[in-house]
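Indexing begins at 1, ligand by ligand and atom by atom, following the structure's order. The figures here come from the full heavy-atom set of this structure, side chains too, leaving out hydrogens, waters and symmetry mates.
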Amino acid sequence: MMKKVITIVGGGTAGWMAATLINKVLNEENIQVQVNLVESPEISTIGVGEGSTPQLKNFFQQLGIAEYEWMKCCQATYKLGIKFSGWSSRAESDSYFHPFISQVDDQTAPAFFFNSQMRRKGADVIGHPDTFFLNSYLAKQGLSPIARNNFPFETAYGYHFDAGLLGQFLRDYAVKNAIKHIQTKVENVHLAHDGSIAYLETTKGELQSDIFIDCTGFNGLLIQKALKVPFIDFSDNLFNDSAVVLPTESLEKKPTYTGASTLKNGWLWSIPLRNRTGSGYVYSSQFTDSDLAETELRNSLGLIDSEIEARHIKMKVGRIQSHWYKNCLAVGLSQGFIEPLEATALHLVQETIQNFCAAYKAGNYTNQHQSRFNQVINNRFEGIRDYIVAHYRVNSRNDSEYWRANANNNHLSNNLVQILQTWMAGDNITQVLEQLKLSQYYASYSWHCLLAGYGIYPDSSQLLAPNEEASQHNIDEIKDFITRCSMNFLEHQEALDLS
Ligand SMILES: Cc1cc2nc3c(=O)[nH]c(=O)nc-3n(C[C@H](O)[C@H](O)[C@H](O)COP(=O)(O)OP(=O)(O)OC[C@H]3O[C@@H](n4cnc5c(N)ncnc54)[C@H](O)[C@@H]3O)c2cc1C
């Protein structure tokens, strides 16, 4: 078979992840591909996107890159999950932790599921997620996910990192691995008679390719502008369309979690890196403007008189109808974005690349499996969207029009309506998630953490003392078990020094 040429346009995180992974996966299986990456030095990358899911660990493992090789030079820290603060005004629900899962949780999560169902049915038992998950305990104590050798259970974790440095690291790795880096601007995209991309016109000449990958960010130069693939806007139930970003000083004791705390018209992320803390206010321009948002951010960070310049970013929230169309695949912001709340964008980048490689190979390097691939990626976008929308829909803040509008918003998918109704009725949402095939996007434990973490239970005045069945799980034993497990884990700084 002739060597296939794959040309990626865009050198942001998505572009370099696509280049390195495709090069690895396709060349490893003896399918000879030449991967080129075209990047315009005039157009900067978005420069945010600094929190990951555990999927990023698999990415580095697939490339054969160890943590000590990349973490230090990308200022990376460990992430055990996300701490949500201020999303609910219900009693004892001002914060909760959404942990990445651990093998230890197999012992304790069933008790959480059981208790949360009992509490929904009116028994006064402990139903807050923070009691039941190892990573919540580790995060509270400032511990890392790295256990000493004698501890046999695995814990999932992600990372925080500097997006610019990660891009540079992957670029250097890519170039060492025979990926051609072409620094030029794509001026025009020329189409063939069948509507596919014929070639790219650049400042350095024409570029032809078997497959073109659009990693041009929100610009969507190939897939949206040239090929006119429709964009499906998510603003009917995801109101945030803007962000304002400020770096702050690094903390002496770096948390092992991302902070997500609410402000008046959105929420504030706090991402601890080794050399700084990244902070950004994600908000809706329907409810506030950029000046007010910046002032609110500065106030909340104690930086009202600081000279540090804030950066304002516009977000296009939604997805394209087809991620692979004709001979073009879109990866990254060009294919869509569901706002940063659960830091899922790079996760989607990886899923898209991996599914594409599998479908391309299975179809003998043709478009044979294109429509199935598009269905899979669209379902993934919609599955994640439902989970993110739920964070806004079930909020109980009543102090601004923004939060009230979110709580009253009834533009919900049928799937989300069914999950929420099942929860409110005190029934088993695990079964519903399985029936709807949604647990592959967010597992039942994540939904339990979200809904129980917001305290969506009967009012405490209506709860009754639990009977013998409802009180079958001994909470002190659970706490003791997890606390003793957590003693096996390294302090965050100790783990960072080793990585
Ligand atoms: C506020 C905010 C917070 C976020 N937080 C997270 C997070 O915590 N976790 C997470 O996973 N994701 C997050 N994301 C998403 C994340 O930033 C992106 O998914 C990631 O950075 C990938 O971006 P990209 O590579 O698609 O686009 P970009 O970084 O915008 O890169 C676009 C590239 O295309 C090139 N280009 C454009 N036009 C041309 C042209 N004509 N010719 C040649 N080259 C061209 C540019 O030079 C650039 O290299 C966040 C996004 C936003 C907006």
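Taken to the nearest 0.5 Å, the CG atom of Asn275 stands 3.5 Å off from the CD atom of Gln75. To the nearest 0.5 angstrom, Phe489 atom CZ is 11.0 Å from Thr256 atom OG1. Annotation: the span from Asp105 atom CG to Asn135 atom CG amounts to 6.5 Å, rounded to 0.5 Å. The CG atom of Asp210 sits 12.5 Å away from the OH atom of Tyr365 when rounded to the nearest 0.5 Å.
A cation-pi contact, defined as under 6.0 Å to the ring centre and within 45° of the axis, is absent between Arg380 and Tyr441. Geometrically, Lys140 does not engage Phe97 in a cation-pi contact defined by less than 6.0 Å to the ring centre and at most 45° from the axis.
Taking the six-membered ring where the residue is Trp, the centroids of His391 and Phe84 are separated by under 6.0 Å.
Within the 4.0 Å heavy-atom cutoff, Phe337 counts among the residues contacting ligand 1.
For Ala14, heavy-atom contacts with ligand 1 shorter than 4.0 Å involve the backbone as well as the side chain. Contacts between Ala163 and ligand 1 below 4.0 angstrom, taking non-hydrogen atoms only, are absent altogether. When heavy-atom distances to ligand 1 are checked against a 4.0 Å cut-off, Glu50 comes that close only through its backbone atoms N, CA, C and O. Counting heavy atoms under 4.0 Å from ligand 1, residue Val245 does not touch it at all.
Less than 4.0 angstrom separates some heavy atom of Gly332 from each of these atoms of ligand 1: 26 (O). Interface of Gly51 with ligand 1, defined as ligand atoms under 4.0 Å from a residue heavy atom, comprises 7 (C), 8 (O), 9 (N), 10 (C), 11 (O). Listed by atom number, the atoms of ligand 1 under 4.0 Å from Thr184 heavy atoms are 43 (C). Close contacts of ligand 1 with Ala243, meaning ligand atoms under 4.0 Å from a residue heavy atom, involve 1 (C). Of all the atoms in ligand 1, the ones that sit under 4.0 Å from a non-hydrogen atom of Thr13 are 21 (O), 25 (O). Atoms of ligand 1 found under 4.0 Å from any heavy atom of Gly11, numbered from 1 in the order shown, are 33 (C), 48 (C), 49 (O).
Closest heavy-atom approach to atom 27 (O) of ligand 1 within the set Gly217, Ala330, Pro340: this belongs to Gly217. Of all the listed residues (Gly158, Ala18, Gly47, Gly49), Gly49 holds the heavy atom that lies closest to atom 5 (N) of ligand 1. The nearest non-hydrogen atom to atom 52 (C) of ligand 1, considering only Val48, Asn219, Leu56, Ile313, comes from Val48. Considering Gly12, Ser40, Ala345, Pro41 only, the shortest heavy-atom separation from atom 44 (N) of ligand 1 involves Ser40. With atom 36 (N) of ligand 1 as the reference point, the heavy atom nearest to it among Thr202, Thr216, Leu348 is part of Thr216. Counting heavy atoms only, Ile46 comes closest to atom 28 (P) of ligand 1 of the residues Ile46, Leu166, Ile338. Residue Cys215 holds the heavy atom nearest to atom 32 (C) of ligand 1 of all those in Gly278, Gly10, Gly336, Cys215. Atom 46 (C) of ligand 1 has its nearest heavy-atom neighbour, among Ile43, Leu346, Leu37, in Ile43.
Between Asp236 and Arg385 a salt bridge is recorded (basic side-chain N to carboxylate O distance below 4.0 Å).
At a cut-off of 3.5 Å, with distance as the only test, a side-chain donor of Tyr78 or Glu67 sits close to an acceptor on the other residue. A donor-acceptor contact closer than 3.5 angstrom links the side chains of Thr7 and Ser209.
Of the N or O atoms in Ser44, none lie within a sub-3.5 Å distance of an N or O in ligand 1. Any N or O atom pair closer than 3.5 Å counts here, and Leu333 shares at least one such pair with ligand 1. Residue Val186 has at least one N or O atom closer than 3.5 Å to an N or O atom of ligand 1. Between Phe218 and ligand 1, no pair of N/O atoms sits closer than 3.5 Å.
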Ile101 and Leu134: CA distance, side-chain angles, deciding distance, side-chain contact (heavy atoms from CB on, under 4.5 Å) verdict: CA-CA 8 Å; Ile101 207 76; Leu134 174 69; over 6 Å; no
Asn409/Tyr392 under side-chain contact (heavy atoms from CB on, under 4.5 Å): CA gap, chis, key distance, verdict: CA-CA 9 Å; Asn409 183 17; Tyr392 293 97; over 6 Å; no
Audit row: Thr77, Arg274, side-chain contact (heavy atoms from CB on, under 4.5 Å) steps and yes/no: CA-CA 6 Å; Thr77 62; Arg274 294 186 193 213; 4.0 Å; yes
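The number of heavy atoms from other shown groups lying within 6.0 Å of NZ (Lys57) is above 12.
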